[in-house]
Each structure stands twice: as structure tokens, then as C-alpha cells.
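What follows is one structure encoded as C-alpha cells, with my remarks underneath.
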Amino acid sequence: MALRFEILGRFNRARAAQLTLPHFVCQTPLFMPVGTQGTIKGLTADQLEEIGCQIILGNTYHLALRPTSELIDELGGLHKFMNWPRALLTDSGGFQMVSLLHLADITEKGVTFQSPVDGKPMLLTPEESIQIQNKIGADIIMALDDVVKTTITGPRIEEAMHRTLRWIDRCIAAHKRPHDQNLFGIVQGGLDPVLRDICVRGLVDRNLPGYAIGGLAGGEDKDSFWRVVAQCTATLPEDKPRYVMGVGYPLDIVVCSALGADMYDCVYPTRTARFGTAIVPEGVLKLKHKAMAEDTRPIDPTCACMVCKNYTRAYIHSLVTKDAMGSQLLSFHNLYYMMQLSRNLHSSIVQGKFPEFVCNFLQKMFPKGDIPEWVCNAMEVAEIDISSCCAPFRYIQATKVQSNLNEDEIQAV
Amino acid sequence: MKFVVKAWSNGGARAGILHLGTSTIDTPSLLLSTRKGLPHFISPDLLSCLPAPESRLLHVSPLHFLEGLSMKTISKIGGLHQLLGLHDHCFVAVPRDSIQCLPEANSTNKIGASFETPCGRLLIKPVEYMEMISSTRPELWATLADEVPAWVSDKRNKTSVDRTIKWLDECISISPASGAVFGAIVGGSSLEERRRCAQEVATRNVSGYWVGGLGLGESMDERPALLNAVIEALPEEKPRLICGLGLPEEILQGIAAGVDIFESTYVAQFAMYYHPTCLLTMLIAFTAIYRKDTTSIVEGCTCYTCRNHTRAYINHLLNVHEMLAQILLEIHNTHHFLGFFRLIRDAINAGRFEEFRREFVQRWR
């Protein structure tokens with residue numbers, strides 16, 4: 001175990017903590033930007049530090065291809081290679097293989113696939129994945145799991161869950177650096193609560209430094225999504241970090257944090273920036289839109305980032321999708337937004353103001369009070385009262401079932 | 001704007017001080033190229049890592065903004081300084097941008113100058129150009145010119161000079177209150193026409209001169225005579241600006257002739273097309289030999305890139321086509337190129353410019 005997880009504040013299920021990793025002391029809840037190939041597209045390490053990034057994610061699959069884990073190891077590890085002084089996390093490589101490669105196949109041995117370089121058959125085993133990640137040297141490494149899309153049904157999901165448990169033992173055995181790299185296990189089981197439960201218990205038995213909730217953020221409906229997260233956070237140990245992989249949208253992060261998750265990653269903020277979309281408290285702002293050409297307001301008047309302090313929507317509009325600078329500036333803003341969200345989640349929980357923060361957040365995003373039902377349901381389970389943000393009609397709809405009030409009396413409420 | 005020459009060295013080369021906006025810049029100096037006012041890859045918060053004040057002169061082509069931003073909106077926002085959030089920098093507006101806004105002499109006519117741009121071929125009339133100048137409010141701007149390549153007919157070349165002078169007068173008459181005017185001088189590769197144009201422009205009420213129409217097909221060997229023909233006709237005390245000279249060797253040629261400010265696309269070209277350049281240590285192609293090289297691009301270079309990153313990392317970024325490679329290279333190359341200009345100024349101040357030039361050219365070849 002090479003980390004310390006200290007809870008500094010709570011609100012019901014939500015927690016704010018200090019996560020001490022070998023390279024950096026982090027505050028959770030936190031969002032991790034994805035630096036696929038050893039860089040966050042278009043931003044320097046200095047800028048990332050300035051924005052407040054604490055942990056960056058590197059993709060094992062991409063790095064193993066280029067520049068190779070051997071080279072990274074020879075040059076002293078990924079931190080040194082990138083000159084990133086804070087924390088790093090690498091995924092196992094399995095997900096990219098399955099999602100990026102044709103003819104990738106999963107057997108008990110591992111993931112077999114065609115090498116993208118020369119087409120030769122290759123095999124990524126749990127042992128090899130850990131070996132590669134040991135060479136890369138990230139603070140947190142992920143176990144190779146058998147990932148199945150949540151949109152798939154049938155016995156494949158159960159098979160994948162059990163295999164994930166068998167593979168975790170192989171990962172643990174292969175892990176050569178438990179003193180400075182933390183191996184996280186990944187909970188699988190699709191949308192089936194029974195399978196998820198078995199998987200959680202199995203992983204908890206192995207006493208790992210942290211746990212991830214995997215297999216989500218892949219097209220399942222939101223209602224199923226939050227329920228899986230809620231179930232896992234309820235049963236995973238209190239005193240260890242919980243990482244929901246592939247999440248995501250600010251709304252999803254707020255809900256999952258309310259339910260007791262601590263860490264998130266997603267390509268969304270940087271990817272959507274490259275398409276000219278800015279993340280704002282109201283949702284998104286499409287800078288490509290013609291109306292932006294005359295809009296002399298900043299992207300987000302409440303944002304303190306360099307982009308919002310200096311530039312108008314009109315100028316950014318003239319850059320996006322045409323000039324690299326547009327991508328850079330939007331990525332900067334979007335990541336700043338995500339880091340600020342992380343900071344706000346942490347501090348509002350520590351200061352005992354979490355429900356107010358959540359309500360404020362929801363009000364800005366849903367000014368008409370039309371909060372999606374899945375969010376209302378999730379907040380109910382999280383025991384956070386968001387009735388003040390919901391439209392009165394909706395609130396009445398919810399309570400009408402239990403009340404005996406007549407029509408006139410309901411209008412008056 | 002104020003300009004003072006303070007030192008000469010062997011012939012035409014001179015060192016001076018340019019007071020522009022809030023900056024005091026030593027010449028000869030370099031204009032950094034921009035795209036819509038900002039460098040191609042160096043974001044505004046990273047600009048401050050470049051040496052100041054010499055990195056504060058930015059070349060802007062007003063034509064860039066025609067792709068997506070109206071002059072009315074720019075005016076409403078308050079001009080370039082407000083638009084770009086760069087309050088310590090000085091903007092020098094020249095319509096031509098030697099990479100993307102190239103003069104299209106065949107389509108230029110008596111109404112306006114034609115340019116080939118990313119949003120198609122545009123015909124810019126003097127009145128429209130002046131609207132751009134008054135909306136963007138640069139500290140310094142060049143008048144609209146009819147730039148022709150070296151191979152046009154004598155007749156066409158003569159017309160370009162007549163037109164350029166006519167447009168100069170038009171621009172000056174519409175001139176906004178602020179901003180220093182540089183008169184455009186053309187003449188293709190004809191010594192006679194160059195001289196004629198320069199003599200005419202020298203009689204106009206301008207703060208300095210923009211030598212246009214070069215870097216459009218004339219050979220490096222032809223250039224010194226053309227430059228001399230122009231410079232000889234110009235008053236010594238006013239600054240001279242030139243565009244389109246790319247290579248360091250060409251810059252040295254310009255300095256020897258007596259040019260003070262240079263717009264060069266050398267850095268931008270290389271950052272965009274993946275080649276880094278180390279001026280004083282020759283071109284280094286980023287091939288496999290740099291895969292494990294943990295040294296910086298140039299030993300002892302104090303730029304952000306060399307202080308923080310290795311050749312190995314940049315080699316990797318180039319291989320995987322990551323934007324960060326271009327950012328880091330533009331920073332280094334700009335830093336290095338500015339350093340080149342500093343060496344030039346030192347050599348001029350020490351009275352040994354020709355020696356410096358000879359040594360450099362020898363090493364370069």
C-alpha cells in the first residue's frame with residue numbers, strides 16, 4: 001500500500017478526503033484529465049499545475065506502443081519523461097484494446113489482438129499489463145479486468161465478472177512495486193446487482209489500496225448507471241478511495257460524489273474543447289455557433305480562468321475548429337472548470353455546505369427546475385434535499401401520490 | 001512612435017531604439033508571427049516566458065480576422081489589445097502574412113489588392129483596409145501595397161509602383177488619429193522601379209517604411225542591390241520594416257542593407273511542419289537517434305522548453321503527432337531566433353557586424 005486516505009469531512013454518503021500518493025497529496029473528490037500519450041492535448045505541465053490538476057491519467061496501450069514501456073523505464077519512468085511532478089494513474093490497457101482494435105478477443109489467458117503495428121497476433125495478459133505499468137511507474141495502476149459493455153446482456157457478464165476476480169490475483173502476484181505503486185481493483189458485473197455484489201466482496205477480500213467501479217459510462221441509461229454506483233459505494237470499504245471510471249459530465253460527477261465516490265476520469269472536457277464546446281455552469285456553450293460571432297461576453301462570467309478573464313466568445317468563435325489556439329484555450333477553460341468543480345466539491349463537503357452546493361449547481365443547470373428524474377432519485381438515496389431546485393409542479397407530482405389534498409389545495413402549495 | 005539610431009557597423013547595418021506604445025525595443029528586431037493576433041501555438045500565458053521586451057512586437061495581418069470576426073465587433077471590444085488580452089505587447093499590422101495571406105498579383109486591380117487566404121481569394125480596397133486598421137488599432141501599420149513577384153512584366157511592375165503610391169496617399173488621408181504609418185515600397189526586381197518608388201514614398205509624411213514585394217521569387221543574389229536601391233533613397237532617421245525574409249542568412253542580408261525590423265515566418269513554418277530548428281547548431285531532424293536523448297534541444301538554452309523537456313520527450317510527441325510538440329518547438333525556436341537578433345545587435349554595437357555575418361554564413365553552409 002503506497003497511499004493514505006484520510007476523510008476530512010462528510011455529508012451523509014459524500015466524503016471529502018486527503019489522498020496521499022507517492023508523488024502528490026491530493027484532495028478528493030477529484031477529476032483526472034486524460035493524457036493519453038503522455039501529454040494532455042495542447043497544454044503544458046505548467047499550465048496543468050496552474051489549473052490545479054492533481055492526477056493525470058496515461059493510457060498504457062498507447063504508451064506501450066509509443067514510445068514503449070521499456071524506453072519510459074530506461075529514462076526513469078513516466079513522471080520524469082513528461083516532467084510531471086504530481087501524480088499519475090495508468091489504466092490496464094485492456095479497455096483500449098477491446099474498444100480500439102478489430103478482432104480483439106478475450107480468453108482466460110488475457111486479451112488477444114492484432115498488433116496495430118504489423119498485424120501479428122499478440123496477447124496482453126494480466127501479468128504483462130502489470131509489468132508494463134510497473135515500468136511506466138504511475139502512482140496508481142489498474143488491474144486488467146474483463147470489460148463488457150453494459151448494453152450487453154446474458155451469461156457473458158457473469159463470465160467477465162468471475163474472470164476479473166481470477167485476474168486480480170494474477171495482477172497482485174505480478175505486481176513488483178507495491179511499495180510505490182497502488183494497484184486498484186475494478187468492480188465489474190454489468191447492471192446486475194447480484195454480480196456486482198459478488199465482485200465487490202471478492203475484491204475487498206484482496207485488501208487492495210483502492211477500488212474502481214468499471215464497466216459503466218458506456219451507453220447504459222442513467223437510471224441503471226447511478227444505481228450501480230450507489231450499490232458499489234454502499235458496499236466498498238469506507239476508508240479506501242473509490243474511482244468511477246470514464247465519468248464524465250459535471251452532473252454525473254456531482255451525483256456520484258453525493259453517493260460516495262471520490263475519483264473520476266474522462267476525455268470529455270478536452271475532447272469537447274476540440275469540437276469548439278465549452279463547459280459552463282448552465283451546461284455547454286457551442287462556440288462554433290454563428291451567434292457567438294458577435295457575443296462580446298466571456299465564455300463564463302463566473303469563471304476565474306485566464307481564458308474567461310481575457311477573451312470574448314466572439315474571439316474564441318473565430319478560432320475554434322480552425323486554429324490550434326482555439327483548441328488550446330478551450331481545453332484550458334474546460335479543464336479549469338473541472339478542477340474548480342473538484343475543488344468546490346471538496347470544500348463544500350468539508351465546510352458542511354454540500355447540499356447548498358448541490359442545489360446551487362442544479363439550479364444553474366436547470367433554471368426551470370426540470371431536473372432529470374434519475375438525478376432526483378439518486379439524490380434521494382444520497383439523502384440530499386434538492387426540493388428547492390425542482391419545479392413546483394414536479395414536487396407536487398411527487399407528493400400528490402401520498403397526499404389527500406384536493407385540486408385547489410395543491411395549487412396553493 | 002519614436003526611433004533613434006544609436007550605432008552603425010561596417011556600412012548599412014545599424015542598431016537603434018524603437019519606442020512604440022509602452023515598449024522600448026532595441027533594433028534590429030523581430031516581429032513574432034501570429035494567427036488572428038496570437039502566436040500559432042504559444043498561448044498568451046506562455047508568452048511571458050519569452051525574453052522581454054524583444055518578444056513584445058507582434059505582426060498581425062488584419063485579413064486573418066475576416067474569417068469569423070467582424071471589424072464592427074473588434075471595434076466594439078476595443079481593438080487588438082482588448083481582443084487578445086495582451087496589454088504589454090505592440091501590434092504591427094501588415095496585410096501580408098507570408099504563410100497564409102499571400103498577395104495574388106494576377107487578381108489585384110486598380111480597385112484593390114488581392115490576397116489568397118484560408119477563406120478564399122479576397123480583394124481589399126484601401127477604404128476597407130483602413131476600416132480594419134481603425135477597428136484593430138495597431139501601434140504601427142503599413143499602407144496597402146500592390147506586391148508583385150519577380151517575374152512580372154515591366155509594365156505590370158510599373159503599374160504596381162503607381163498603384164502602391166496612390167494607395168499610400170489614400171490610406172494616409174483616411175488615417176486614424178493613432179498608430180504610426182509605414183509607407184509601403186515595392187518595385188519587384190527592377191532597380192529603377194524600386195528607386196522610383198522609394199523616392200516618392202520618401203516625400204510622404206510617414207513614420208517609417210515597409211519594404212514590400214520581396215520574398216516573392218527574387219533570388220538571394222538579386223536582393224542586396226534591390227535593397228540598396230530602396231534604402232539609399234530613404235532618410236536615415238526613420239525605421240525600415242521588411243517582410244518575407246525567412247532564413248537567418250536572408251535576415252543578415254537585410255540588416256547589412258540597413259533594415260531595422262523583420263517579419264519572418266521562419267519559426268512558424270518550422271513549428272507547423274514539425275521541424276525544429278537550432279539556428280546556430282544547424283538543423284536537427286527529429287529522427288530515431290533522439291529517442292533516448294535526455295538532453296535539451298540546445299544545451300544551455302534558457303527557454304521554457306529546454307529548461308523543462310528532453311529531446312526524447314519531444315521526439316515522442318512528434319511521433320504521436322501531439323500538439324504539445326508544436327507548442328514546445330515554437331517556444332524554443334522563437335526564443336532562439338530572438339537570441340540570434342540579440343547577437344546581431346551586440347555585433348553591431350561592437351562594430352563587428354560584417355565579421356559576425358561572415359562567420360555565421362560559413363558555419364551555416
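Each chain gets a letter, A, B and so on, in the order the sequences are listed, and its residues count up from 1.
- The most heavy-atom pairs under 4.5 Å with chain A, out of L38(B), T294(B), I74(B), come from L38(B).
- The 12-atom threshold is not exceeded at CZ of R271(A), counting heavy atoms of other residues, nucleotides or ligands nearer than 6.0 Å.
- Interface remark: K292(B) contributes backbone and side-chain atoms alike to the contact with chain A (heavy atom separation under 4.5 Å).
- Of the atoms belonging to I327(B), it is side-chain heavy atoms, and not backbone ones, that fall under 4.5 Å from chain A.
- Looking only at heavy-atom pairs under 4.5 Å with chain A, the residue among L328(B), L317(B), N308(B) that has the most is N308(B).
- Heavy atoms closer than 4.5 Å to chain B are found nowhere in I72(A), neither backbone nor side chain.
- Annotation: the span from E294(A) atom CD to L69(B) atom CG amounts to 9.0 Å, rounded to 0.5 Å.
- Residue E74(A) touches chain B through its side chain alone, counting heavy-atom pairs closer than 4.5 Å.
- The shortest distance between side-chain heavy atoms of V320(B) and H62(A) does not fall below 4.5 Å.
- Taking every heavy atom of both residues into account, G68(B) and A293(A) meet most closely at O-CB, 4.1 Å.
- At a heavy-atom cut-off of under 4.5 Å, chain B is reached by M306(A), N310(A), Y311(A), T312(A), A314(A), Y315(A), H317(A), S318(A), L319(A), K322(A), D323(A), A324(A), M325(A), S327(A), Q328(A), L329(A) from residues 305-331 of chain A, listed in order of number.
- The parts of S43(B) that come within reach of chain A are both its backbone and its side chain, each placing non-hydrogen atoms under 4.5 angstrom from that chain.
- The distance from atom OG1 of T44(A) to atom CD1 of I331(B), rounded to the nearest 0.5 Å, is 7.0 Å.
- Heavy-atom proximity under 4.5 angstrom to chain B picks out F81(A), M82(A), N83(A) from residues 76-93 of chain A.
- Side-chain contact check for L43(A) versus L324(B): every heavy-atom pair is 4.5 Å or farther apart.
- Side chains of T39(A) and Y313(B) form a contact here, defined as non-hydrogen atoms less than 4.5 Å apart.
- Contact of D295(A) with chain B is not made at all, since no heavy-atom distance falls under 4.5 Å.
- K41(A) places none of its side-chain heavy atoms less than 4.5 Å from the side chain of M323(B).
- The environment of F332(A) atom CZ is dense: over 12 non-hydrogen atoms of other residues, nucleotides or ligands sit within 6.0 angstrom.
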